[in-house]
Amino acid sequence: MKKLPMIAAAFGAATLIAAPSFAQDAGAEAPEEGAATEAAPAPEAAPATIDTDGDGTMDAWDQRGDGKPDSWDTDGDGAPDAFDQDGDGAPDPK
């Protein structure tokens with residue numbers, strides 16, 4: 001029985017087992033200084049906030065993206081509680 005084919009088979013098997021760990025380590029290098037990095041895709045933007053009464057506190061949201069407020073925080077808790085369902089730019093009566 002020849003030992004060379006068994007040694008070659010063992011070496012080949014060890015290489016196949018170790019190959020994934022080598023592939024993972026190859027991509028873990030730090031980028032070069034000054035190299036351009038790709039920006040991650042920006043998450044979907046939150047609705048724009050609007051200061052409708054001029055007091056410096058954002059109290060309305062433009063959820064439709066048309067530049068007009070369509071939901072308001074009338075009690076100051078930071079959550080909308082008045083809405084514009086008819087699209088006239090003013091809170092709907094309750």
Side-chain angles (χ1 to χ4, degrees):
M1 191 164 147
K2 295 187 177 187
K3 292 182 181 180
L4 186 58
M6 288 177 37
I7 293 172
F11 181 71
T15 303
L16 288 175
I17 291 171
S21 66
F22 288 131
Q24 291 173 356
D25 291 342
E29 295 177 11
E32 293 182 22
E33 190 172 321
T37 58
E38 288 186 34
E44 189 174 316
T49 54
I50 303 168
D51 178 14
T52 58
D53 55 6
D55 65 353
T57 302
M58 300 302 172
D59 57 354
W61 292 267
D62 177 17
Q63 296 176 341
R64 294 184 189 115
D66 59 1
K68 296 188 294 184
D70 36 49
S71 58
W72 292 263
D73 176 18
T74 59
D75 58 7
D77 67 351
D81 52 43
F83 302 95
D84 177 18
Q85 299 295 331
D86 57 11
D88 65 353
D92 294 337
K94 291 186 178 183

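Of all heavy-atom pairs between Gly67 and Asp62, the closest is N-OD2, 2.8 Å. Nearest heavy atom pair, residue Gly87 against residue Lys68, reads O-NZ, 3.6 Å. Residues Ala90 and Trp72 share a closest heavy-atom pair of C-CH2, 3.4 Å. Taking each heavy atom of Trp61 and Ala79 in turn, the nearest pair found is CH2-C, 4.0 Å. The shortest non-hydrogen separation linking Asp55 to Thr57 is OD1-N, 2.9 Å. Residues Thr74 and Ala82 share a closest heavy-atom pair of CG2-CB, 4.0 Å.
Pairs of residues two or more places apart, or lying in two chains, that qualify as salt bridge (Lys or Arg N to Asp or Glu O under 4.0 Å) and include a residue from residues 79-88 are Arg64-Asp84.
With rounding to the nearest 0.5 Å, the separation of CE in Met58 from CG in Asp53 is 10.5 Å.
For Asp59, there are no salt bridge (Lys or Arg N to Asp or Glu O under 4.0 Å) partners at least two apart in sequence or on another chain.
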